[in-house]
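Data first, discussion second: the structure below is written as structure tokens.
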Number of protein chains: 2
Amino acid sequence: MPLSRLPSAAMDQAMRLLGAAGQEEAAIRQAAWVARCVGRGESAPLTPEAVAALAHTLKQHRVERGTLLFQGGQPAAGVWIVREGRVELSVGSGRRRAVVGVLRPGDVDGDISLLLDMPLPYSARVLDDATLLSLTASDFEHLLATSLPIARRWLSSVASRLAASQGRLLGLLGRSLTAQVAQLLLDEAVDGQVPLPQRTLAAMLGAQRPSLNKILKELERDGLVGVRYAAIDVLDPDGLAKLAR
Amino acid sequence: MPLSRLPSAAMDQAMRLLGAAGQEEAAIRQAAWVARCVGRGESAPLTPEAVAALAHTLKQHRVERGTLLFQGGQPAAGVWIVREGRVELSVGSGRRRAVVGVLRPGDVDGDISLLLDMPLPYSARVLDDATLLSLTASDFEHLLATSLPIARRWLSSVASRLAASQGRLLGLLGRSLTAQVAQLLLDEAVDGQVPLPQRTLAAMLGAQRPSLNKILKELERDGLVGVRYAAIDVLDPDGLAKLAR
DNA sequence: CCGATCCTGTCAGGTCACCGACATTCATCT
DNA sequence: AGATGAATGTCGGTGACCTGACAGGATCGG
């Protein structure tokens, strides 16, 4: 999931200053932001036409905390792009719940199921009041089928997700829970913070919450992390990296 | 430069004997096969030009068992496509070795590192005497930058690998080793057989070989699998699926 | 045919993480 | 401010998996 996490404060301010008259321009900016999020494209620069095509098909949604964006097993309705807030991807429920990942601004989902024409493998629930962008299935396919720069960029976006997924696989295989926790905290930290409850972190490792809590207290005792309410502070990334190996 | 150092002498000789016309047709066939492997393309049919472009850039190699195709940490030299045989992807060594996956005919690798411009995350070793196809890095980028049908198909290829990786992640999270073994056998079986030594299977789960062996004997006692030398027979897929849930 | 090498089968001891449960602290809403 | 729900801190018993080691069988080379 380590797609580009871009500071969007400056952008938001610019949008406010523009006002209603610049609605068209705001849409273009939105599209350009998405284009930056969807992969890198040094070898496929985006044409103004491609950005405009994106701008006209993107829809914006305000979604409140707790909303179920989609449910596992159903066909994908379209592509979701997180503009602001977080979205949790999970399977199962109760004590057998596993968290596949947590989307943050700049992350994309739903496209894989569309590309492969398979049902969604997990459910998505919105963690904070959020702003989301969406593409319908047909708009998405049309974009890919007509714009090579967009297809090329989307390719690198999916590639980076694959690399992240394989990295997480390696982080789990044959490692002690301590090493897994250290790795997870490093992966998920943004600005030295991991704003997730221990229950969720445990579900991301397929571990029990008490086991995770024990390890977190050990890490805190060693000065590597700070444990707060529904959040972990990463105090010593280098020390964690040493544990994670 | 592992590309140029591979033993391709036999192939070169065969091509010379064939003559120009046969060589061209063989190359086209090869390219069409690759195109089928690299994703589905119901919405992006391949043009004859695209297939021809592929055909002219593919190189064929015969590689003998045990060859190290590439090593983790180095930049990717190009894209590899397995035509025949198997290739093992792994990290680490000794008893801390983890097997990321085993490539079989039709599988592709090396493209992710090129797309993201990152070093290869694992090493690749050839398990059987094999036939491989390759694309150089620049040919690959050129293909993607000029042919939309190929970019579109490659996109679905990477997408399906991502789905598989996430599936394996879910197969590991919070499941007993027995469930993991059952899942792995179902995933890796081809024609009801899994032709891998227990040491490799254990490394794919990040488990120890004795632990795996104990579970395999239990499964054999229950008539779900047959244990042979360096191979497992899947006798009762439904029974395994029930265990894997 | 024989040695070398890989693979399988198996064992005991020790450790680690699961499991259910409970009390406590924190945040939020009325 | 008080009530309510959620998240944290903590505890033992139990079972599962790891560790290291060794013996025996299969395969392949000379």
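By convention in this document, chain letters (A, B, ...) are assigned in the order of the sequence lines, proteins followed by strands, and residues within each chain are numbered from 1. Just so it is clear, the model here is predicted, and its values are computed rather than measured.
- Side chains of A/S165 and A/R161: no donor on one and acceptor on the other come within 3.5 Å.
- Annotation: the span from B/Q180 atom CD to B/L172 atom CG amounts to 5.0 Å, rounded to 0.5 Å.
- For the residue pair A/R245 and A/K242, the shortest heavy atom distance occurs at CG-O, 3.2 Å.
- Of the residues in residues 208-223 of chain B, those with a non-hydrogen atom less than 4.0 angstrom from any atom of DNA chain C are B/R209, B/P210, B/N213, B/K217.
- Of all nucleotides in DNA chain D having an atom under 4.0 Å from a heavy atom of chain B, the first and last in 5' to 3' order are D/dC17 to D/dT27.
- Here the P atom of nucleotide C/dA21 and the CZ atom of A/R95 are 9 Å apart, to the nearest Å.
- The interatomic distance linking B/Y229 (OH) with C/dC6 (P) rounds to 9 Å, in whole Å.
- Contact check of residues 174-198 of chain B against DNA chain C (heavy atom, cut-off under 4.0 Å) returns B/P197, B/Q198.
- The distance from atom CG of A/D236 to atom CG of A/D222, rounded to the nearest 0.5 Å, is 10.0 Å.
- Distance alone, capped at 3.5 Å, places no donor-acceptor pair between the A/R83 side chain and the A/L133 backbone.
- Evaluation of the side chain to side chain donor-acceptor pair (under 3.5 Å) rule for B/K214 yields no partner, not counting sequence neighbours.
- For the residue pair B/S134 / B/H61, a side-chain donor-acceptor distance below 3.5 Å is found, with atom types taken as modelled.
- Taking a 6.0 Å sphere around CZ of A/R228, one finds it holds more than 12 heavy atoms contributed by other residues, nucleotides or ligands.
- Counting only residues at least two apart or in different chains, side chain to side chain donor-acceptor pair (under 3.5 Å) contacts with residues 85-95 of chain A comprise A/R86-A/D128, A/E88-A/R97.
- Residues B/S113 and B/P121 meet the side-chain proximity criterion, which asks for heavy atoms closer than 4.5 Å.
- Summarising the local packing, CD of A/E218 is surrounded by more than 12 heavy atoms from other residues, nucleotides or ligands at distances under 6.0 Å.
- Residue B/L185 holds its CG atom at 10.0 Å from CG of B/L196, rounded to the nearest 0.5 Å.
- The distance from the CD atom of A/Q166 to the OH atom of B/Y122 is 4.5 Å, given to the nearest 0.5 Å.
- Using five terminal pairs a side, the axes of the helix from C/dC1-D/dG30 to C/dT30-D/dA1 at its two ends make an angle of 50°, given in steps of 10 degrees.
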